[in-house]
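To keep things clear, I will list the structure first and then write my remarks on it.
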Amino acid sequence: MNGPPIGSAELAARLRERDTTVAPAVLNLLESRSPAMRAQAEAMVRATSPAALGAEAGAHLIGITGPPGVGKSSLLSQLLAAWRQRDRSVAVLAVDPTSRRSGGALLGDRARIDVDPADRAVFVRSTATSGRLGGLAAPTRAAASALAVAFDVVVIETVGVGQSETEVADVADTVAVVVQPGSGDVLQFLKAGIMEIPDVLVVAKADLGAAARRSLADLGATLHSLHAADTALVAVSSIPPPTGIDELIAALDAHRASLDISARRLHARRMQALADFASEHGERGLRAVGGHRGAERYLAEQDRGLDVPALVRLLEERAGG
Amino acid sequence: MSSPKSPRLPEPDRPWLMRTYAGHSDARRSNELYRRNLEKGQTGLSVAFDLPTQTGYDPDHELARGEVGKVGVSIAHLGDMRSLLHGIPLEKMNTSMTINATAAWLLALYVVAAQEQGVAQDKLQGTTQNDILKEYLSRGTYSFPPGPSMRLIADTIAHAVTHIPKWNPINICSYHLQEAGATPVQEIAYSICNAIAVLDAVRERLSTSRGDHGEDVMDRVFGRISFFVNAGVRFVEEHAKLRAMAQLWDELGRERYGVGEERHRRFRYGVQVNSLGLTESQPENNVYRIALEALAVTLGRSARARAIQLPAWNEALGLPRPWDQQWSLRLQQILAYETDLLEYSDIFDGSRVMDGLVAQLVEGAREEMSRVAELGGAVEAVDYMKGALVASHRERLRKIENGEQVVVGMNRFTQSEPSPLVAGADGGILVVDPAVERECRAAVRRWRDQRDPDAVARALEELARVARDEHENLMPATIAAARAGVTTGEWAQALREVFGEYRAPTGVGEAAALPAEGLVELREEVERISEALGRRMKLLVGKPGLDGHSNGAEQIAVRARDAGMDVIYEGIRLTPSQIATSAAQEGVHVVGLSILSGSHRELIPAVLEALRASGADQVPVVVGGIIPDADAASLRAAGVAAVYTPKDWDLNRMIADIIALVAQRNGIAATVSG
């Protein structure tokens, strides 16, 4: 508990005033499963929805993913410093893949993310995936949308190569996949279509010299052969002196600028509603709305201004028939 | 009289070097202590440095708060080293320094202070611990990332074999691995793997760096590598462990490094016997444990320690007083001078039991060594080894908790008369004068004001330049910086700027979940409370300050996870505001803090204050560590919900307490069983 719970109306109002200090309370509320809290959470989501705001939330939602040990957290530390230099506020939702065999989870991610504890414009929260390998916990999607109202940048950090980017891609405006030199599996995954082509492909540990340059060339050739000319390829090194960070930020910004944000966010809301519905009602529920594809088609026909809870309710009504 | 057939040696052996791991407060007070210890018959020095010195911060740095002069002496510059060694004849002294990340620096200060006494480098005898891998694995006083750290080690070794030939530039430590829970097999395997990593790094550096190192340099390097081992109370197996290490070491020298001369392949080690097994309850029993552990490292002549330091009976209570350390020194002297131990050749020669034990350990160690080799060697395998140690330690605790492993006075035979040893006004421990930190802060500022600022700036610039040039040895620039009046914090900061900082793996993520046995009730309770809270119960385990002894924190983190909580654990060396920020941002329901370095009186209130400032002051805080009763009372008065000390060894009970605390603070009713 962090003080008496703040009401949903006040949370929403403060998010709209871009008060970053309410982030912990927002997460506490969105993570809660108690029925009373969930009603509050819905109210907060509604009050911060594009319909209520009159526009899409302003933040850049960035998904950063890659295999364990590739140096995502060190890279994130450098990115945080660079964003802060540009005076952008940043929220990081670190999704930990730790299994929940016992129900509990050890969340060690923030240990490697270097931040100034006195800086109120940086927020880092760790979440366990609740046993869903590579996937996102339900509150993470909702949190990303809510925090996007108050922060300039919202990062979702996940582990994995292969499946996790697809879920992140449903939420994020821009997906960056981080690989290290010599990771041939990524080439194979890309070629075989197992892995979706990211918006930005980052080769970490560029200090490895020849190996890094070779990886960069190989990845460039692969992207070219896949006609993925839009994907930016950036080499970075997080060990001092760090390199490539400014280029990476430029690539992320360029991708954001090229996007039709309202289309992307609309898609994200629909995907989130579908994920929330599926986690609540399972396979049986999905079948009742015509399966994944059927549900997607149905959602595509709905009003563009509807928020996620409203879309979930529509799916529930349809399933209830 | 001895005859050719006599089992007696013609002459009794000379005793090992007798030391006491000592040092506290400032250089002047520690110098007085050393001189008294030498008068009592101690034959070598063993310098304990405080945590700021060990991690490269000056006494007035934010991270040094509460730690100055606590677990050892504060040495911030050449002036401190001069006072520390004042009146001690360095040409005759054999000095061991427990120093790692900043070993090159402290060695440089020692060399310059000795020169000022008129003693040349080549006369100096002693040891710098200088073993960084075990800092990542267990002890936590690292400063730089693995690559540059290995370079610093290789540079000190390369410099020492040429210029300080009687110095042991590195002490490969298996000691701390056992303290972190290593089994004998792990202790042997990981320390030898660690030695291989160091030797390979030196060999590589000697071939690529400038300078003439002379013929047979690898022979001399190998011959100067010594070990710092541990000995637990299972003293027969512990002795076998040392024989096994000697065998593997000899083999390694011959086969991997082609060391021709037998004398260069001899396994040389110093020892501090086990602290992990010392108990807070019935602490007088520790005297027997220490005596038996001393036998493990002295009984057999062919694997006998070169140098011994023994812990004091009251280490689980707090810092030992000079009298406590004298009591331990007397044990060494009785063993060496009263018993007949030193009169015989190896008493296990031909023992089938001993040979069998050694063979078993060697075989187990080889298997584990090949696993590390497959992972690419000790540097690459730090994560793996750390995870394995956390798992072993957990297994040990589990056996103590269920009574499989007997600890007299703790989990068996616990009925006791009150101990007169802790009845005194000081509670039977040393309390460092809180004025020391203030004095040291003021002293380092005076030092900075009085030196030649240009010389200091030039020395630091040169140091940074050399650090950037991979082909140069860092020692000459380090010695020049020592002479110019650079401080410990400045030396380390210059290198941090070039090398970067580092956080070691915590090992807790790798620890597999415990079987449900014994945890079912805890898990049900966590589920029930989480349901009532609306989200899963979340605990932050924090280690404020510079104390790197993380075993306790890691075990709590893993057990809480196994009981079903979400646990945030960020490793060691956090400031109070970092901990408070994490607690607030992560929305935890309870915070657990662990401190073993004696800095709890300053740091715990600072964390409470920071929590208030972060608006997380309703989150209850519990504290664990080596905390004297008097301090525990004042911590509770300051708002700490509970204080745990080594006598609270039952982890499940502690977790149950924490769960109940969260329930109570959130107005959730306790269950009948709670």
Side-chain angles (χ1 to χ4, degrees), chain A residues 1-5 21 23-38 41 68-69 73-74 91-92 94 96-120 122-128 130 139 207 238-242, chain B residues 145 147 383 496-501 503 505-506 508-509 511-514 516 519 523 526-527 530-538 557-558 560-571 575-589 610 614-619 665-666:
Chain A
M1 285 238 324
N2 296 306
T21 64
V26 168
L27 265 290
N28 291 352
L29 180 59
L30 289 173
E31 285 177 0
S32 182
R33 296 179 309 263
S34 82
M37 290 300 195
R38 287 178 67 155
S73 304
S74 322
V92 178
D96 206 297
T98 314
S99 88
R100 274 195 181 274
R101 246 171 302 175
S102 68
L106 263 161
L107 307 168
D109 248 14
R110 66 180 303 134
R112 292 183 301 270
I113 303 174
D114 219 7
V115 293
D116 171 7
D119 187 350
R120 297 285 179 114
V122 175
F123 172 73
V124 181
R125 177 86 160 207
S126 330
T127 337
S130 307
D207 50 292
S238 305
I239 68 161
Chain B
D383 285 55
R496 273 187 209 108
E497 276 162 23
V498 179
F499 296 152
E501 294 187 48
R503 292 193 76 79
T506 62
V508 295
L514 262 193
L519 288 170
R523 285 186 189 176
V526 169
E527 288 304 322
S530 299
E531 200 61 40
L533 290 168
R535 58 194 175 95
R536 188 162 294 278
M537 191 186 296
K538 207 167 182 182
V558 172
R561 188 273 313 258
D562 289 344
M565 294 185 214
D566 276 354
V567 180
I568 305 282
Y569 176 59
E570 297 182 73
T575 62
S577 68
Q578 282 174 319
I579 290 172
T581 300
S582 295
Q585 295 195 345
E586 294 291 349
V588 299
H589 299 98
S614 303
D617 43 341
Q618 300 192 17
V619 179
R665 290 296 176 94
N666 288 279

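Lettering follows sequence order; numbering is per chain, from 1.
Under the salt bridge (Lys or Arg N to Asp or Glu O under 4.0 Å) criterion, A:Asp114 pairs with no residue, sequence neighbours left out. Listed by chain and number, the residues in a side chain to side chain contact (heavy atoms under 4.5 Å, CB included) with A:Arg112 are A:Ser73, A:Asp109 (sequence neighbours excluded).
A:Arg33 places no side-chain N or O within 3.5 Å of a backbone atom of B:Glu531 that could act as its donor or acceptor partner. Between the B:Gln585 side chain and the A:Val124 main chain, a donor and an acceptor come within less than 3.5 Å of each other.
The shortest distance between side-chain heavy atoms of A:Arg110 and B:Glu586 falls below 4.5 Å.
For chain B, no part of A:Arg38 is nearby; none of its heavy atoms comes within less than 4.5 Å. Of the two parts of A:Val122, only the backbone, made up of N, CA, C and O, holds a non-hydrogen atom closer than 4.5 Å to a non-hydrogen atom of chain B. For B:Val498, the part lying near chain A is the backbone, with the side chain staying farther off; criterion is any non-hydrogen pair under 4.5 Å. There is no contact between B:Glu501 and chain A, counting heavy-atom distances below 4.5 Å.
The structure places CD of A:Glu31 at 12.0 Å from CG of B:Leu533, a figure rounded to the nearest 0.5 Å. Residue A:Leu29 holds its CG atom at 10.0 Å from CZ of B:Arg535, rounded to the nearest 0.5 Å. Separation of atoms CG (A:Asn28) and NE2 (B:His589) is listed at 7.0 Å; rounding is to 0.5 Å. To the nearest 0.5 Å, the span separating NZ on B:Lys538 from OG1 on A:Thr127 amounts to 6.5 Å.
Across all non-hydrogen atoms, the minimal contact from B:Ile568 to A:Ser126 is CD1-OG, 3.8 Å. The minimum heavy-atom distance linking B:Ala584 with A:Pro24 is given by the pair O-CB, 3.2 Å. Scanning both residues, A:Leu106 and B:Ala557, for their nearest heavy atoms gives CD2-CB, 4.0 Å. Among all heavy-atom pairs drawn from A:Arg125 and B:Gly587, the shortest one is NH1-N, 3.3 Å.
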